[in-house]
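All ligand and atom numbering here is 1-based and tracks the order in the structure.
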Amino acid sequence: MPKQIHLAAHFPGVNNTTVWSDPEAGSHIEFESFVKLARTAERAKFDFFFLAEGLRLREQGGQIYDLDVVGRPDTFTVLAALAAVTTHLGLAGTINSTFNEPYEVARQFASLDHLSDGRAAWNVVTSWDAFTGENFRRGGFLAEPDRYSRATRFLETAKELFASVPAPEGFLRDPSAGTFAHQDDHFDIAGRFNVPRSPQGRPVILQAGDSDAGREFAAATADAIFSRHGTLAEGQAFYADVKGRLPKYGRERDELLVLPAATFVLGDTETEAQEKARIVRREQVSGATAIKFLEQLWNRDLSSYDPDGPLPTVDPDVSDNHIARGRASVRMHRDPIAVAGEWRAKAEAEKLSIRELIIEVTGRQNFIGTPASVASSINELVQADASDGFILVPHVTPGGLDEFADKVVPLLQEQGVFRTDYSGPTLRDHLGLRAPR
Ligand SMILES: Cc1cc2nc3c(=O)[nH]c(=O)nc-3n(C[C@H](O)[C@H](O)[C@H](O)COP(=O)(O)O)c2cc1C
């Protein structure tokens with residue numbers, strides 16, 4: 001039996017991968033956009049709909065970053081509304097464990113699980129710097145190394161709350177009185193949970209975070225990981241790494257799914273798809289965007305540079321990141337001088353301008369081709385244990401999934417590797433996960 005593929009729809013977001021110049025591009029705020037993508041995903045029998053989270057407007061060089069859309073609505077509000085217009089599709093929200101409180105988040109997810117009849121999923125993230133926290137705690141909150149310790153306790157506490165109606169023995173301070181209590185180094189919670197046990201017992205837990213501590217947290221507690229590793233070699237290495245951590249926690253290989261983010265561009269022929277992908281990449285990286293990306297590595301104001309000209313000869317500033325606080329892309333550049341050297345060498349060898357170079361080195365389209373070749377590539381990666389499926393990120397809001405749903409999904413279904421209908425009502429059923437222990 002081949003492995004079954006899991007697919008999710010990522011609502012395109014607030015970054016340059018979403019092409020807003022496309023004539024089909026619509027609002028990322030209006031409810032109809034969310035409904036459109038969710039209904040397409042459900043029509044195609046996807047496992048779930050996914051919302052990322054951004055809690056603060058991004059900035060660069062002290063200015064609001066406004067080259068792509070600015071801001072987004074609240075996750076729970078959107079997912080609760082979507083629960084009313086869908087019947088089977090899972091509803092996954094990214095909610096931070098650093099700036100929230102477990103009692104409140106547990107109530108929100110248990111409520112979403114009730115409203116949706118068992119379709120809620122929580123993508124637990126920690127974020128990495130105080131920038132976002134400045135809107136939540138006085139002057140930001142929690143040093144980076146403490147974030148997974150808080151996340152671990154946060155999730156433990158939430159899981160106790162989900163399970164506390166009726167309260168299991170272990171969490172009763174005084175079983176005869178039925179008093180609930182949770183105390184640890186982060187939380188001291190007195191109250192018993194006030195939302196009845198939800199259809200899935202608790203929401204499906206996703207995790208996104210790539211550090212060693214993040215992977216360990218996922219292996220110990222998550223049902224699925226949202227990763228960045230969508231190619232064959234990187235995917236297989238990540239898959240083996242995280243699945244290899246499971247036995248330590250008494251968990252089986254199939255208790256943790258690996259779902260990388262993936263983009264796609266479809267065409268009637270391979271050549272047409274390649275050409276479309278090239279156009280999409282150019283739309284994703286305007287000259288102004290290219291300069292902003294360059295600044296994130298150089299950690300300098302490069303606004304006077306011509307995006308159609310050569311790379312700066314001056315080296316990156318390796319002092320504290322001051323140009324773009326809170327940006328993941330900045331944090332991922334661990335050795336800026338070395339990366340700048342590689343980029344210069346590549347630009348020189350291939351005669352690339354700043355913009356052309358940035359198009360090459362940032363982002364990439366995972367699946368480019370005809371529906372048949374894309375279906376084969378997806379299946380090959382899943383069967384080769386590079387993933388258990390993908391969280392697809394269309395580049396157009398809200399109609400960017402239509403073609404995939406109409407042309408690729410039927411081929412996966414014909415190959416017997418993707419469901420032709422939902423086999424149960426809950427997200428846990430779609431993902432093939434057992435009931436929580
Ligand atoms: C694929 C992927 C998607 C993520 N999406 C979000 C997001 O939507 N919002 C967010 O605040 N953090 C997001 N994160 C980052 C998390 O905040 C994560 O907790 C952070 O990277 C710190 O963990 P780490 O040091 O283990 O990577 C994402 C991370 C990955 C790998």
Test E360 against R281 for side-chain contact (heavy atoms from CB on, under 4.5 Å), laying out the working first. CA-CA 9 Å; E360 291 284 317; R281 285 299 292 143; over 6 Å; no

Under 4.0 Å from a heavy atom of S211: give me the atoms of ligand 1 that qualify, with their elements. 24 (P), 25 (O), 26 (O), 27 (O)

Which atoms of ligand 1 sit under 4.0 Å from any heavy atom of A52? 8 (O)

Heavy-atom nearest neighbour of atom 16 (C) of ligand 1 within options P145, A208, G214, G209: A208

Can you check which of H10, E53, R228 brings a heavy atom nearest to atom 7 (C) of ligand 1? E53

Heavy atom of S127, distance to ligand 1 below 4.0 Å: yes

Give a yes/no verdict on whether any heavy atom in Y148 is under 4.0 Å from an atom of ligand 1. yes

May I ask you to say whether [X] pairs ionically with [Y], meaning some side-chain N is under 4.0 Å from a carboxylate O?
{"X": "R119", "Y": "D113", "answer": "no"}
{"X": "E234", "Y": "R228", "answer": "no"}
{"X": "R39", "Y": "E42", "answer": "no"}
{"X": "K243", "Y": "D388", "answer": "yes"}

Polar contact flag for T126 and ligand 1 (N/O pairs, less than 3.5 Å): yes

Begin with the C-alpha distance, continue with both residues' side-chain angles, and end with the deciding distance and a verdict on side-chain hydrogen bond (donor to acceptor under 3.5 Å, both in side chains) for T426 and D429. CA-CA 5 Å; T426 69; D429 293 328; 3.0 Å; yes

